[in-house]
Structures are given as C-alpha cells and as structure tokens.
Number of protein chains: 2
Amino acid sequence: MVNLNIQIAIDSKFYSKNPESSDLGRRIVKHGIELIHQIGYDAFTFKKLGAIIQSNESSIYRYFESKHSFLIYLVNWYWSWVEYKLVFAISNISSQEEKLEIAVRLLTEKVKEDNAISFINEALLHQIIISESSKAYLTKEVDRENEKGFYTCYKRVVQRVSDLILELKPDYKYPHMLVSTIIEGAHHQAYFSDHLPDLTDISKEKNTIVVFYIELIKSVL
Amino acid sequence: MVNLNIQIAIDSKFYSKNPESSDLGRRIVKHGIELIHQIGYDAFTFKKLGAIIQSNESSIYRYFESKHSFLIYLVNWYWSWVEYKLVFAISNISSQEEKLEIAVRLLTEKVKEDNAISFINEALLHQIIISESSKAYLTKEVDRENEKGFYTCYKRVVQRVSDLILELKPDYKYPHMLVSTIIEGAHHQAYFSDHLPDLTDISKEKNTIVVFYIELIKSVL
DNA sequence: GCAAAAATGATAGTAATACTATTATATTTG
DNA sequence: CAAATATAATAGTATTACTATCATTTTTGC
C-alpha cells in the first residue's frame with residue numbers, strides 16, 4: 001500500500017482536547033498504544049502512561065475524559081483508517097467481484113507496520129483492536145454510547161462492504177451479518193492462532209485467515 | 001428438548017470448594033448468574049452478591065478464588081452443558097448432514113429457560129456467555145490459563161463439531177475455524193441485534209441467526 | 001519584551017474494587 | 001456433647017479511576 005500520509009480526521013466527540021493538536025497529545029496516543037499493547041487494556045492506567053511519557057495523569061485527563069473513551073478514540077481512529085484504505089483500494093477497480101475480494105482481504109489480513117512517519121503504529125493498533133476492541137462495546141453502557149455515535153466508524157465500514165455485496169447480489173438478505181461475521185471472525189482467528197490454536201487450523205506458512213474468509217464469502221454468495 | 005435433569009460434572013480445578021455441595025454454594029451460583037446478567041460482569045462484585053444472598057464476601061471467596069474464576073466456572077459449566085446437549089441431540093441421527101445441522105442449530109439458537117429444577121438458569125447463563133464470555137480469555141493471562149485447561153470445555157465442543165464436518169468432508173481444511181467462526185459469530189449477532197442492529201439484518205419474526213449460519217455452513221461445505 | 005492566557009504539572013483526596021487475614025459464631029457430625 | 005467444619009463479621013491493603021485545586025511553565029498577541 002502506498003504511503004500517502006493522509007490525516008485521519010477524528011470527530012471531536014471522541015476527545016476532550018484534540019490529541020493531534022499538540023506534542024503531548026500525540027505522545028499520549030503513541031505511547032498509549034504501546035502501553036496497551038504491552039500490558040493490556042485492563043492493566044493500563046493513565047498514571048502508568050503518565051510515568052512513561054514523563055507527564056502527569058491529570059494532563060492526560062485533559063485530552064481524554066476516561067480510560068474507556070481513550071479506547072473508543074483508538075477504535076474509531078482504526079476504523080476511520082480502514083475506511084480510508086478501503087475506499088482507496090477499490091476506487092479504480094471495475095469488477096465488483098474483485099472489489100469485494102479486495103475488501104475482504106483488507107479486513108482479514110494482518111496489518112504490517114507501514115507508516116513510520118505517523119505517531120500511530122497501525123500494526124500495534126491492529127493488535128489492540130483484535131484483543132481489546134470488543135471491550136469498547138461489551139458494556140452496560142452500549143445503548144447510550146451507541147446513541148452518541150461511539151460506534152459509527154465501525155458501522156460505516158460494515159455498511160460499505162455490505163453495499164459491495166448488494167451490488168453483486170442485490171437480493172442477498174444478510175449482507176451486514178456476513179460482513180460483521182467476517183470482521184469479528186478474522187479478529188478471533190488471529191487471537192486464537194496466537195493463544196488458543198485448537199480453535200483454528202492455522203498453518204504457519206500461508207495467510208490462512210484471508211484464504212478462509214475469501215473462500216467463505218465466495219461460497220455464500 | 002427433554003428435561004433429563006442430568007448433573008453437569010464440573011472439574012474441581014474450576015472452584016476452591018464445590019458450589020454444588022452446599023446450599024450456600026448453589027445460592028452463590030444462582031444469584032451470581034442473576035446479578036451478572038443484571039449489572040454486567042464489570043460492575044459485579046462478591047460484596048454485592050453477598051448482600052443479595054445474605055451472606056458474606058469472605059464466604060464466597062471460599063468457593064471461588066476470584067471474580068475471574070467465577071466467570072471461568074460459569075463458562076465451563078455452560079460448555080459442558082452444551083456438549084451434553086449436543087451428544088444427546090445427535091446420538092440417534094443416522095444422516096451426517098442432519099447431525100451437523102442439528103449441531104449448528106444448537107450452537108446458534110437462543111436458549112429458552114427449560115430447566116426450572118436446576119439452580120442454574122440456562123437462558124440467563126446463555127445471555128452472559130454472549131456478552132461476557134470473551135472477557136474470560138481476552139486477558140494477558142490467557143496462555144497460562146490455557147495451559148491449566150481453563151478453556152477445555154469450549155475446545156471440546158469445537159472439536160466435536162469439527163469432527164462432524166470431517167466425517168462429511170474428510171479433506172476439508174478449516175473445520176475448527178468454521179466452527180469457532182459460527183459460534184462466536186452467533187454470539188456477536190445476538191448481541192448486535194439487541195444493541196447494534198446496524199451490524200445485522202435481523203428481522204423480528206424469524207430465527208434469522210440460525211437460518212444464516214446453517215445456510216453459511218451448507219454453502220461452504 | 002511583556003502581560004495575559006493557555007497548557008501542563010504536582011499534589012491531595014475520594015469512593016470503590018478485589019482482594020487477604022483474623023477472629024467470632026453457628027452448624028454439623030461422630 | 002465436644003470437636004470439627006462452615007459461615008459470618010470485621011478490619012485492613014494496595015490499586016484504580018477518577019476529581020479538584022493550585023502552582024508553574026509555555027505560548028500568544030500586542
């Protein structure tokens with residue numbers, strides 16, 4: 001993928017103060033990602049992050065009103081980035097089949113570190129999405145947060161790929177279920193292959209997850 | 001399903017003192033399920049549970065060494081129960097196709113309360129599995145806990161259904177991935193239909209999730 | 001170059017959590 | 001009925017996820 005170094009625009013509802021607007025903000029996000037990746041979301045605290053970036057807990061709270069909203073920010077950044085990559089990747093493709101295959105590949109393949117310029121390490125962020133993102137919506141506050149638009153970026157990606165399916169098969173009844181099954185499935189399989197391999201059939205060499213889900217969507221449609 | 005009221009045998013590594021062995025133990029599990037269902041795993045504490053069952057936090061700790069291990073207990077109880085239902089449901093079926101379809105139905109359909117005698121409300125437990133069970137393995141301790149056999153019951157169910165797939169299609173390469181994709185997918189779709197309906201295509205009337213995943217597995221195989 | 005404004009840092013405090021430890025009181029059982 | 005066992009009560013701990021306040025540094029607009 002070509003590195004265009006495009007800025008991902010994040011809605012202001014996902015932060016108190018825009019972390020992209022200052023050096024401290026960018027350090028919070030950069031090292032926040034690294035720390036969550038390292039110790040996990042559950043053990044992650046703003047205090048620990050403050051110590052690492054030589055700043056203060058209270059300063060971090062000026063950017064994000066809670067640990068939870070920091071996760072929400074990261075998740076939305078990720079899906080905005082995926083949406084951008086998706087739109088770009090299929091823009092010049094004429095075949096609908098090919099568009100869909102590209103989309104599924106993009107949603108299921110491992111993210112390799114590509115963008116050293118950005119303060120966000122997309123490969124690490126992808127790992128976080130795999131193992132932590134469900135904690136963003138598996139809460140008792142889902143409905144309230146959904147109303148506030150906390151999950152729109154994810155939903156928009158699902159919608160776009162569903163539209164690709166419908167262009168190929170206008171009468172298909174379950175495009176959203178198929179897409180969200182593939183996305184969540186790919187995350188699970190990536191996690192399982194690292195930690196619970198009995199739940200997968202991953203062979204080291206090939207890109208099994210991508211192959212599996214492309215085969216799956218082709219069979220279903 | 002016929003109510004045989006069979007006891008589900010739970011391995012002793014999942015508790016400090018067997019909760020089935022005393023009235024207090026059974027109350028802990030029964031009201032623990034209700035409380036987690038009500039307020040969610042994150043807000044759930046042994047102190048709150050103690051208040052409800054008119055017992056003490058410290059007494060609950062004698063049965064389960066932590067809140068986390070209580071979840072692990074419930075998850076394993078659930079998968080042992082599913083395994084039992086599965087074995088029973090396919091035991092007298094001769095057709096391999098039918099066996100597999102029964103299995104997928106069992107894994108994807110909503111659990112209706114059927115067993116008023118037991119101290120475990122399976123319908124509530126199923127809801128908990130849908131919204132909380134991933135928190136059992138999405139931790140930094142997965143590998144250690146996997147070694148201790150904390151996820152064996154789940155893995156056994158996946159293995160059994162994978163075996164059904166292989167009997168039907170001995171050269172199929174991804175039986176475990178297909179099964180775990182269906183199981184986790186069905187959980188997600190159930191959760192999404194309640195909270196994030198844009199990620200599904202659920203229509204109120206029919207059992208859309210079951211239909212979708214049976215269609216899916218038939219297409220793939 | 002300087003005052004005002006804005007950003008950041010330091011410190012303290014809070015209620016709750018997820019426990020552990022100890023002691024007291026019931027309850028069971030041999 | 002005494003001893004053993006189970007349960008309850010109480011207290012205590014380090015940590016968490018914050019909030020509030022005030023001090024200090026940095027930026028900015030003239």
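Note that the coordinates shown come from a computational prediction; the quantities given were computed from them, not determined experimentally. By convention in this document, chain letters (A, B, ...) are assigned in the order of the sequence lines, proteins followed by strands, and residues within each chain are numbered from 1.
- Regarding contacts with the backbone of D/dT15, every side-chain N or O of A/Lys48 stays at 4.0 angstrom or more from both OP1 and OP2.
- Look at A/Tyr63 and you'll find a side-chain N or O under 4.0 angstrom from OP1 or OP2 of C/dT8.
- Taking atom OH on A/Tyr61 and atom P on C/dT14, their separation rounds to 17 Å, with Å as the unit.
- Put simply, OH on A/Tyr41 is 13 Å from P on D/dT16, counting in whole angstrom units.
- Using a 4.0 Å cut-off between a side-chain N of Lys or Arg and a carboxylate O of Asp or Glu, A/Arg144 and A/Glu147 do not qualify as a salt bridge.
- Here A/Lys17 lies in heavy-atom contact (under 4.0 Å) with sugar-phosphate atoms only.
- Separating the CD1 atom in A/Ile217 from the CG atom in A/Leu178 is a distance of 4.5 Å, to the nearest 0.5 Å.
- The distance between atom NE2 of A/His68 and atom P of D/dT16, rounded to the nearest whole Å, is 19 Å.
- In this structure, CZ of B/Arg27 is placed 16 Å from P of D/dA6, rounded to the nearest angstrom.
- Annotation: B/Tyr63 is not in aromatic contact with B/Tyr15 [ring centroid separation under 6.0 Å not met].
- Atom-to-atom, NZ of B/Lys47 to P of C/dC19 comes out at 14 Å; the value is rounded to the nearest Å.
- Annotation: cation-pi pair B/Lys67/B/Tyr41 present, NZ/CZ under 6.0 Å from the ring centroid and within 45° of its normal.
- Among the nucleotides C/dT20, C/dG9, D/dC18, the one closest to any side-chain atom of A/Leu24 is C/dG9.
- Residue A/Phe44 is in sugar-phosphate contact alone, with no base atom involved, counting any heavy-atom pair closer than 4.0 Å across all strands shown.
- Taking atom CD1 on A/Ile53 and atom C1' on C/dA7, their separation rounds to 14 Å, with Å as the unit.
- When each of B/Ser58 and B/Lys67 is assigned the nucleotide of DNA chain C bearing its nearest heavy atom, the one mapping closer to the 5' terminus is B/Lys67.
- Positionally, the nearest nucleotide of DNA chain D for B/Glu57 lies more toward the 5' end than for the other of A/Ala43 and B/Glu57.
- No engagement by B/Phe46 is indicated, since no non-hydrogen atom pair under 4.0 Å with the nucleic acid exists.
- If you take CG of A/Asn56 and P of D/dC22, they are 17 Å apart, rounded to a whole angstrom.
- When the shell of 6.0 Å around CD of B/Glu65 is examined, it contains 12 or fewer heavy atoms from other residues, nucleotides or ligands.
- Contact annotation: side chain of A/Glu65 to base of D/dC18, donor-acceptor pair absent below 3.5 Å.
- The phosphate of D/dA8 has OP1 or OP2 within less than 4.0 Å of a side-chain N or O from B/Ser59.
- Using a 4.0 Å heavy-atom criterion, one finds that A/Phe70 contacts no nucleic acid atom at all.
- Screening B/His188, B/His195, B/His187 for a ring pair (Phe, Tyr, Trp, His ring centres under 6.0 Å) with B/Tyr191, the sole residue that qualifies is B/His195.
- Side-chain N/O atoms of A/Ser55 include none lying less than 4.0 angstrom from OP1 or OP2 on C/dA7.
- Side-chain proximity of A/Arg62 to the nucleotides D/dT16, C/dG9, D/dA8 is greatest for C/dG9.
- Taking atom CD1 of A/Ile60 as the reference point, atom C1' of C/dA7 lies 14 Å away to the nearest angstrom.
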